[in-house]
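Lettering follows sequence order; numbering is per chain, from 1. Only a predicted model underlies this, so the values are computations on that prediction, with no experimental measurement involved.
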Protein chains: 2
Amino acid sequence: MRIWSRVWEIRTGQDSQAMKETERPHERHAIAADLIAVLVAVTNGQPSVLTIQQASALPSGPFELSHRSLQSGLRDWVEQQTGHPLGYIEQLYTFADRDRTGGERTQRVISISYLGLTREDQADSSKKSGWRSWYDYFPWEDHRAGPPSILSEVLAPRLRLWADEADDMETRRDRWQRASIAFGLDDRGWNEEFVLQRYELLFEAALVEEALRGRKSSNAQLIAGRSMIADHRRILATGIARLRTKIKYRPVVFELMPPVFTLLQLQRAVEALAGLLVHKQNFRRLIEQQDLVEETGETTSDTGGRPAKLFRFRHAVLAEQTVAGTKLPLSRA
Amino acid sequence: MRIWSRVWEIRTGQDSQAMKETERPHERHAIAADLIAVLVAVTNGQPSVLTIQQASALPSGPFELSHRSLQSGLRDWVEQQTGHPLGYIEQLYTFADRDRTGGERTQRVISISYLGLTREDQADSSKKSGWRSWYDYFPWEDHRAGPPSILSEVLAPRLRLWADEADDMETRRDRWQRASIAFGLDDRGWNEEFVLQRYELLFEAALVEEALRGRKSSNAQLIAGRSMIADHRRILATGIARLRTKIKYRPVVFELMPPVFTLLQLQRAVEALAGLLVHKQNFRRLIEQQDLVEETGETTSDTGGRPAKLFRFRHAVLAEQTVAGTKLPLSRA
DNA sequence: CCCTATTATGCTCGAAGTGAGTATAAGATA
DNA sequence: TATCTTATACTCACTTCGAGCATAATAGGG
């Protein structure tokens, strides 16, 4: 940290002599940068994520000088793979913890992760890579058929044990409070957005495989979903959380839909992402009053009952959208 | 891009032979990483940002191997400077465009920016660095006294010119549409969250100094606020936008407040950040119904009229907060 | 001491938004 | 044709939210 404070003083102009010294880029430690993609599609009502290495890792690769920018690098790359323009990319988070890779290397790797959305049909075309339901990794996150049994039968009791095994009272209370908030226990409601908090809590409580890696003791109590290499599962959790938040205030779901769809299909996609069921009639009202879609004039009777009107996304809204999510009591004066 | 596609195939397990090759970290191009801080305080009803180099740059410094993580590195560093724990840090964005630094260097610099919030009184103590109203850099962003004159008198006409100077009709329409949305022209409402879009639009229209740097022609039409080195002003815009969004759904304003405050002081802080006035009575209602504060029992008459009750932030809410901002028609079944 | 300016605080009202449910329509299929 | 299934329209109670009115409690000037 000594270095830092020197740099600070330098940068604040206290010592412009020394500045030139540290400004020489070659004296900095070499750092490598990786790009990691959380690529999402919705296939058969399941939210899928693109994986590699037998579904144990997210696609990732080094960031090279040849790339114009982080985003364009990722974009070019993904487009080559899927053979179509990627509709939506968004930066997720940058990680750089020293022991990220788990190895003994002293070289530092910075991982810049992105969230990408793609269409179901286009997703199918790339057979090289494996699409996998993200609930394979987070089985406790799917509440579409009610709270999953793993929650009450496994996770809740284990978390209780973990809380109780703390030495002091305060820690016990703190642990249980965090757990009950994150998982909606003790009659607190389930909040589908807390994906990352939940995963990190399970990690802290050593209830996911990733948490046991350093240790020798085969504490083999591990449970809770398929794991991934390094911290890829955490990155996936970050992506899911971001997406679950975002579908509520930006029309991003449409990036996952085919050009033409019924309102129920749209609803199913939202439900797949949120891991929750929504009220059908109110969902329609919400979509229509925002002018997000327009009728194509066609209908489909593939749905079983009464034929459903087909809709397409009104791309114009993206231009109109002054979607201000105001929660402040603003003054119009 | 050829490299990328190879890497992809390798990573997807198509060619594990080649994998070992590219996995050697030393073969990667050296990349340097910088940390950049947008440190915000509210001083005298003005939202201030910590700057260096005669207010022309944000504090920044290299990320070193000695740092445990990005966040802890930044935190340690800031704490050393301000002499107190930093209440709130949040990662903003990671930039890596090739010509970020504007130089001819081939070395790539990745900049990881953070948003930090600190208290007014504590901010004052660090005299080394300069606090500066962020409206010095974005004069068009302060609408507390109504729409600033620069908007209608300078920016709107200039943006109109810029739109009209496009060759084809479609571009003209597109430019003006984007401008009018971003700046709330043509009776579209002003949206205080569009800070970054506005700055980037001005950049694109070459109405900020930063946009003219590459060019020799002293197109000296430049206007619109104090500039900063490199892309620091863009990073600042990113930070402001993030903060303006966040104060609406997370109680982060309190990080900027002294331990005890009146509701009007709190309101003024929010207004300073949002650049907008809020309805006083409704603001109180909003704060109180969320149980964000509790009375200290004391009052102060420093305010001019009737003495105001003093409040403190209820830290307990941070634990309780199941603040789900649901916009989905959820089913309770 | 009263009047006035100033800020604080309480309360009401109407419009819009939202959760939940009822009712009806339009196909497929037995 | 009866029944099942999904689609779609409409209602209703309740909450939220923008806006404004009214009252309270000080300071300061005449």
Integer-rounded Å distance: C:dA23 P and A:R284 CZ
19 Å
Write down the distance between CG (B:L286) and P (D:dT15), rounded to a whole number of angstrom.
17 Å
Taking only residues two or more places apart in sequence, or in another chain, which ones meet B:F313 in a ring pair (Phe, Tyr, Trp, His ring centres under 6.0 Å)?
B:F254, B:H315
Working to the nearest 0.5 Å, report the span between OG of B:S180 and CG of B:L159.
9.5 Å
Pair B:K248 + B:E192, salt bridge at N-O below 4.0 Å
yes
What about A:Q281: does its side chain form a donor-acceptor pair under 3.5 Å with the base of C:dT22?
yes
Holding to side chain to side chain donor-acceptor pair (under 3.5 Å), I want the full list of residues that pass it with B:R285, two or more places apart in sequence or in another chain.
B:N282
Given atom CZ of A:R285 and atom C1' of D:dC10, what is their separation to the nearest angstrom?
10 Å
Whole-Å distance, A:L264 CG to D:dT5 P, equals 15 Å
For the side chain of A:K280, starting at C-beta, report the closest nucleotide among C:dT18, D:dC17, D:dT8.
D:dT8
Cationic tip of B:R198 within the cone over B:W190's six-membered ring, i.e. under 6.0 Å and within 45° of the normal?
yes
Counting the atoms with a prime plus P, OP1 and OP2 as sugar-phosphate, which does A:K309 contact under 4.0 Å by heavy atoms, base, sugar-phosphate, or nothing?
sugar-phosphate
Under 4.0 Å protein heavy-atom contacts per nucleotide of nucleotides 23-30 of chain D, with B for base, S for backbone only and - for none:
-BBBS---
